[in-house]
Amino acid sequence: MPDAALRAENDQCLEAFDHQIAARKLQDVLSHRLPSFYRCAFRLLGNAADAEDAVQEGLLAAYKHINQFRGQSQISTWLTTIVQIHFPLDEEFGEEQPRFLWEGLADKRPSPEEEFRNSELTARLQKCTALLSPTLRRTFQLRVMDGLSIFETARILGVPHGTVKAQLARARAEIARHMRPVLAPSRRRPQRRHK
């Protein structure tokens, strides 16, 4: 039994020593990384007070749980994870325009599938536009593709704005007729094989 007691005492000494080393590492990291924690929090939260609170809460939690640091990663990585956990995803922040943190994290760009579909539709629209008569194509190009107003298009073409509206209606109808097969789901029935 004396060996077991000695081993337990050694384990306690090593644990206390490891705790002291971790605390020193924590202090070293904080002296270098505190501004970057704050900048990260400020970038995500957009408010100095909220950023300070999040960093402070995260660092306090890290200090309370320093004994859980296992050394499997750098202490700065461990701290960053803890600080980020303390960003309130479901609480509004910001004084001028309150918002939730998760709103800023969402990727507003189209998904790869949406990008592909949009590029396919754009290519098809260009092909359908090429099938229009020169007059309708020019009107459609100026108004829809270039984004000019009815009046600007009429001025460039030298026609009354009512004529531009009529030409646009005809152009859109023709394009819709050509695009319909692309936009509609396939309605073909599988062919039966007769023996």
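Just so it is clear, the structure is predicted and the values come from calculations on it, not from any experiment.
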Show me the side-chain donor-acceptor pairs of residues 152-164 shorter than 3.5 Å, one per line, residues at least two apart or across chains.
{"unit_1": "Glu152", "atom_1": "OE1", "unit_2": "Ser149", "atom_2": "N", "d": "2.8"}
{"unit_1": "Glu152", "atom_1": "OE1", "unit_2": "Ser149", "atom_2": "OG", "d": "3.3"}
{"unit_1": "Thr153", "atom_1": "OG1", "unit_2": "Ser149", "atom_2": "O", "d": "2.8"}

key: Side-chain heavy atoms of Leu34 within contact of Leu59, under 4.5 Å   = yes
ask   = CZ of Arg137: more than 12 outside heavy atoms within 6.0 angstrom?
value = yes
ask   = What side chain to side chain donor-acceptor pair (under 3.5 Å) pairs are there with at least one residue in residues 165-174, not counting sequence neighbours?
value = Thr139-Gln167
message = Please say yes or no: joined through hydrophobic side-chain contacts below 4.5 Å, possibly via intermediate residues, are Val144 and Leu121 part of one cluster?
response = yes
remark   = Distance col, row His178:NE2 vs Ile175:CD1, nearest 0.5 angstrom, shows 8.0 Å
Qualifying ring-ring contact (aromatic ring centres under 6.0 Å, His included) pairs with a residue from residues 112-144, counting only residues at least two apart or across chains = none
Within-4.5 Å side-chain heavy-atom neighbours: Leu168 and Arg143 = yes
query = Taking only residues two or more places apart in sequence or in another chain, which ones pass side chain to side chain contact (heavy atoms under 4.5 Å, CB included) with Gln141?
reply = Met145, Asp146
inquiry  = So does Ala49 get a backbone contact from the side chain of Glu52, meaning a donor-acceptor N/O pair under 3.5 Å?
reply    = no
request  = Tell me whether Leu131 is reachable from Leu125 by hopping between hydrophobic residues (I, L, V, M, F, W, Y) whose side-chain heavy atoms are closer than 4.5 Å.
outcome  = no
message = Under the rule for side chain to side chain contact (heavy atoms under 4.5 Å, CB included), what residues qualify as partners of Thr122, not counting sequence neighbours?
response = Gln126
Nearest-0.5 Å distance, CZ of residue Arg138 to OG of residue Ser133 = 13.0 Å
note = Residues passing the side chain to side chain donor-acceptor pair (under 3.5 Å) test with Ser36, sequence neighbours excluded, are Arg33
